[in-house]
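The sequence lines fix the lettering, A, B, ..., with proteins before strands; numbering per chain opens at 1.
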Amino acid sequence: MQIATWNINSLSVRLPQVLGWLAAHPVDVLCLQELKLTDDKFPFDAIEAAGYEAAAFGQKTYNGVAILSRAPLRDVVRNIPGFGDEQARVVAATLDAPGGPLRIVNGYFVNGQEPGSEKFAYKMRWMEALHDWLRGELAAHPRLALLGDFNIAPEDRDSYDPVGLRETIHHTSEERTHFRALLALGLTDAFRMFEQPEKTFSWWDYRMLGFQKNRGLRIDHILVSEALKPLVESCTVDRAPRKNQQPSDHAPVVAELRG
DNA sequence: ATGGCCAATAGAATTGGA
């Protein structure tokens with residue numbers, strides 16, 4: 001089976017591209033971020049017609065996440081329990097898969113704007129809360145995958161300019177420490193389980209011909225638990241949708257799980 | 001000179017993204 005994540009930067013604008021991509025890549029699970037719409041405007045009918053159930057958690061203008069799944073979803077959690085958050089950034093759900101129940105956690109991590117800013121402090125608090133909540137989630141659901149837009153380039157090789165951008169947003173030591181703390185829970189970056197082309201990224205700035213020059217970052221990730229790790233057969237970035245007319249600035253990341 | 005684009009809101013300029 002295949003699980004995927006894609007920050008689509010407005011579902012209203014990108015719904016046709018999402019449906020088109022799903023038609024060509026009928027993944028079992030697709031986690032979306034930056035819906036930028038409220039749940040009453042979520043296109044449940046079009047998603048259902050494409051063969052998917054959706055657990056949506058949106059808000060007006062900003063943020064918003066959803067899990068699309070071919071199998072029914074249950075035990076849906078919206079945002080991090082106990083962490084009061086005005087912003088819709090997390091949705092989690094369980095589905096039945098060949099090897100047993102699969103827990104999907106979809107996160108739209110805080111951008112953080114600039115180190116030292118209030119938004120950066122919020123990013124740190126948010127990641128600490130996510131980390132602490134995930135410890136229990138992993139204990140309750142050994143077969144767990146954390147997918148989403150992490151807004152962190154975990155290592156220098158995940159950035160087009162690691163020297164020029166050292167300690168800037170997405171590259172700071174603090175952010176990378178938080179990323180490693182997630183790994184220390186027993187999660188593995190599925191992308192790095194395999195040989196990958198140099199300079200593989202998942203986001204490119206709309207400005208400055210970012211995509212054409214491959215000036216990008218790898219900030220969208222799929223992390224898998226110890227129980228899932230032996231089942232991962234591949235993990236790739238699909239650059240093709242970034243070439244669409246009116247593209248999202250992010251590309252989908254897809255992992256193949258055996259079974 | 002450190003930007004240039006894109007989306008939402010509103011109905012022009014601002015906020016946020018990364």
The answer to which of A:S10 and A:D149 contacts DNA chain B further toward the 5' end, by nearest nucleotide, is A:S10
Quiz item: Taking 4.0 angstrom as the limit, do A:R176 and A:D156 come out as a salt bridge?
Solution: yes
Whole-Å distance, A:Q59 CD to B:dA7 P, equals 18 Å
Contacts of A:Y62 meeting ring pair (Phe, Tyr, Trp, His ring centres under 6.0 Å) (sequence neighbours excluded), chain-then-number -> none
| field | Min side-chain heavy-atom separation A:F211-A:K243 under 4.5 Å | value | yes
- Span that lies between the P atom of B:dT15 and that of B:dA10, in whole angstrom: 14 Å
Worksheet item: Say you pick atom C1' in B:dT14 and the same atom in B:dA1; how far apart are they, in whole Å?
Response: 23 Å
Under a 4.0 Å heavy-atom cutoff, the residues of residues 113-125 of chain A touching DNA chain B are A:K119
Handout entry: Parallel, tilted or perpendicular: ring planes of A:F201 versus A:W204, cut at 30 and 60 degrees
Key = perpendicular
Separation of B:dA18 atom P from A:Y62 atom OH, nearest Å, is 12 Å
So CG of A:L223 and CG of A:L147: to nearest 0.5 Å the spacing works out to 8.5 Å
Nearest-Å distance once atom P is located in both B:dG3 and B:dA12: 27 Å
N/O contacts under 3.5 Å, protein versus nucleotides 1-6 of chain B?
none

Mind checking the C1' distance from B:dT2 to B:dA13? Whole angstroms is fine. 22 Å
A:K60 atom NZ is separated from B:dA7 atom C1', nearest whole Å, by 13 Å
Look at atom CD of A:E86 and say whether more than 12 heavy atoms of other residues, nucleotides or ligands are closer to it than 6.0 Å. no
For A:D85, the side chain to side chain contact (heavy atoms under 4.5 Å, CB included) test, sequence neighbours excluded, returns A:N79, A:F83, A:Q87, A:R89, A:Y122, A:W126
Of A:D249 and A:L35, the one whose nearest nucleotide on DNA chain B sits closer to the 5' end is A:L35
In whole angstroms, the gap separating P of B:dA7 from NE2 of A:H250 amounts to 13 Å
- Is A:E174 close to A:M124 at the side-chain level, that is, under 4.5 Å between some pair of heavy atoms? yes
Once you apply a heavy-atom cut-off of 4.0 Å, does A:L209 come out as touching a base, just sugar-phosphate, or nothing?
nothing
Is A:K119 salt-bridged to A:E114, going by a charged N under 4.0 Å from an acidic O? no
Between A:V110 and A:N151 the two heavy atoms that sit nearest each other are O-CB, 3.6 Å
Exercise. Can you tell me if the side-chain N/O atoms of A:N7 get under 4.0 Å from OP1 or OP2 in B:dG17?
Worked result: no
What residues 163-180 of chain A contributes to the DNA chain B interface at heavy-atom separation below 4.0 Å is A:H170
Residue set satisfying ring pair (Phe, Tyr, Trp, His ring centres under 6.0 Å) with A:F194, at least two apart, ordered chain then number -> none
Whole-Å distance, A:Q87 CD to B:dG16 C1', equals 10 Å
Report task. Could you tell me whether A:Y108 contacts a base, only the sugar-phosphate backbone, or nothing, with contacts defined as non-hydrogen atoms closer than 4.0 Å? Result -> sugar-phosphate
Whole-Å distance, A:R89 CZ to B:dG17 C1', equals 10 Å
Whole-Å distance, A:N63 CG to B:dA7 C1', equals 13 Å
Nearest heavy-atom approach of A:R143 to A:A227 is CG-CB, 4.0 Å
Rounded to whole Å, CG of A:D220 lies from C1' of B:dA18 at a distance of 11 Å
